[in-house]
Protein chains: 2
Amino acid sequence: MRPYCYRGRMPRVVDHEQRRWEIVYALWLVIAQHGIEGVSLRHVAAEAGVSMGRIQHYFGTKEALVLAGCTSLVQSAYGGYRETADAAPRERLLHVVSQQIPRDDAGRMGVSVWYAYVAKSINDSAVRQVLAEARRGAEEECVRLIRADRDDRADLAGAGPGDDADDPAALQQARRLLALADGLTLRVLVGDLEPAEAVSMLEAEVGRL
Amino acid sequence: MRPYCYRGRMPRVVDHEQRRWEIVYALWLVIAQHGIEGVSLRHVAAEAGVSMGRIQHYFGTKEALVLAGCTSLVQSAYGGYRETADAAPRERLLHVVSQQIPRDDAGRMGVSVWYAYVAKSINDSAVRQVLAEARRGAEEECVRLIRADRDDRADLAGAGPGDDADDPAALQQARRLLALADGLTLRVLVGDLEPAEAVSMLEAEVGRL
DNA sequence: CCTGTTACGATGCGATCGTATTGCAAAACA
DNA sequence: TGTTTTGCAATACGATCGCATCGTAACAGG
């Protein structure tokens, strides 16, 4: 996002990514505490301890800031998933569906922000596209994990992997798991359900594959 | 909510409930189209074709109006459920969990508004209490329906009803069904899932009880 | 040192917000 | 026919909003 003709000149060197991240994190705090309604450039600036001018400099408009907060949230979740790369498919599957269950205050904040964006996505097409892409990615990854897990167990039984055509059974399983995880997450978030119970329900569901 | 010493004097007779409902319906339209962020007294007044003064007269403050829209939404859903009073438990159960799946534009509007309130409930304790009470009611009703359905089938097999102690199995089934319905509803709402597929998944889930 | 570019704080503007206030028309009662 | 009470439209007000603009400090290259 530099000027079109960047040739190495950059006075006043600062870490742009660091600055942007500080502001996005403050944005998340504001959303978690006051909802998306409570987001104003002044509030975010105060929470981050910076001036409004800085936010304008790095994000331009409020809409761009809010959207950047959404993409950062998605990428942060994806980063957490990649750290499980060397686990068994079944463990990774359980991580995908139960990672969002809020267990501590940090988790509560993340999932509060996520739900705020979900609601916003109903009326905001840019946010909707970001979340739709993330959901499609999660769905496809779940399908892969379900098939990998099934193949693992088929190998134990001496059979080869199934056909590679699209797998409606696995797709439906994935959708069911993810939808169930979303619903349980909400109930934990509003205090209607204990985190442990939600996780154990998801474990049971994954175990029945 | 009349003056404390009402003795039948009431000039300028109007139907208060009708007036309130017109305003609440306009509020729902605004929420469905622009989200809760887009709610302002002026917008709602314009959508309802009335003056701001009337909204102030009937609801006082914006916060009270938004909360009234929430309780009206809950009661409207409850009214829809009571119309199924003379159906079999299993049919009623399917209605409870699949009624919120949006099938037409009216359904989409209702569930958009509902999701907006869900997100708001994270930071608004009054809304949270209304939704929590509704959720608890739905959960208890589902438990009743699941047990009634089970007893029906036990009667066919010649056995009596089970014990009346709290039923952890039925409770967990109810929670799982409702959470799954919430997650599927969201996916249909944002266009990631066809309504028919969501309903058929819920039918399969209810059928496996 | 000089010049150019970047980073960003400070400030101002017009729009919009929720709400308090005011005033008046219509209807019930005296 | 007043009088009173209600229903509501109109408007005024102060706060807050997003954003544009301006000024300047910091630094790189010449």
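Remember, it's a predicted structure, so these values are computed and weren't measured experimentally. Per chain, numbering begins at 1; letters A, B, ... match sequence-line order.
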Exercise. Would you find more than 12 non-hydrogen atoms of other residues, nucleotides or ligands less than 6.0 Å from A:H34 atom NE2?
Worked result: no
Exercise. Roughly how many Å is it from CD in A:E37 to C1' in C:dT16, rounded to a whole number?
Worked result: 16 Å
For this session: Nearest whole angstrom, please: distance from the P of C:dT6 to the CZ of A:R54.
Result: 18 Å
Exercise. Rounded to the Å, how far apart are B:I23 CD1 and D:dC8 C1'?
Worked result: 10 Å
Seminar exercise, completed: When rounded to whole Å, the CZ to P distance for the pair A:R19 and D:dA26 reads 14 Å
Exercise. Checking B:K120 side chain against A:G35 main chain: does a donor-acceptor pair fall under 3.5 Å?
Worked result: no
Problem set entry | Polar side chain donor-acceptor pair, A:N123 to B:E37, under 3.5 angstrom | no
Exercise. What integer distance in Å separates A:H57:NE2 from D:dC19:P?
Worked result: 17 Å
For this session: Could you tell me whether the side chain of B:T84 and the main chain of B:A87 form a donor-acceptor pair under 3.5 Å?
Result: no
For this session: Calculate the interatomic distance between B:R20 atom CZ and D:dG7 atom P; express it in whole Å.
Result: 12 Å
Exercise. Between the side chain of A:R20 and the main-chain N/O of A:Y58, is any donor-acceptor distance below 3.5 Å?
Worked result: yes
Could you go through nucleotides 17-20 of chain C and list every protein N or O atom that sits under 3.5 Å from one of its N or O atoms, giving the distance for each pair?
residue: C:dC17; atom: OP1; partner: B:S40; partner atom: OG; Å: 3.3
residue: C:dG18; atom: OP1; partner: B:K62; partner atom: NZ; Å: 3.1
residue: C:dG18; atom: OP2; partner: B:L41; partner atom: N; Å: 3.0
residue: C:dG18; atom: N7; partner: B:R42; partner atom: NH2; Å: 2.5
residue: C:dG18; atom: O6; partner: B:R42; partner atom: NH2; Å: 2.7
residue: C:dT19; atom: OP2; partner: B:K62; partner atom: N; Å: 2.7
residue: C:dA20; atom: N7; partner: B:Q56; partner atom: NE2; Å: 3.2
residue: C:dA20; atom: N6; partner: B:Q56; partner atom: OE1; Å: 3.1

Exercise. For A:D15 and C:dA7, what is the distance between atoms CG and C1' respectively, to the nearest whole Å?
Worked result: 14 Å
Problem set entry | Under 3.5 Å: donor-acceptor pair, side chain of A:S72, backbone of A:G69 | no
Exercise. Does B:H16 put a side-chain nitrogen or oxygen below 4.0 Å from OP1 or OP2 of D:dT6?
Worked result: no
For this session: Establish, with yes or no, whether the OP1 or OP2 oxygen of C:dA7 is under 4.0 angstrom from a side-chain nitrogen or oxygen of A:Y58.
Result: no
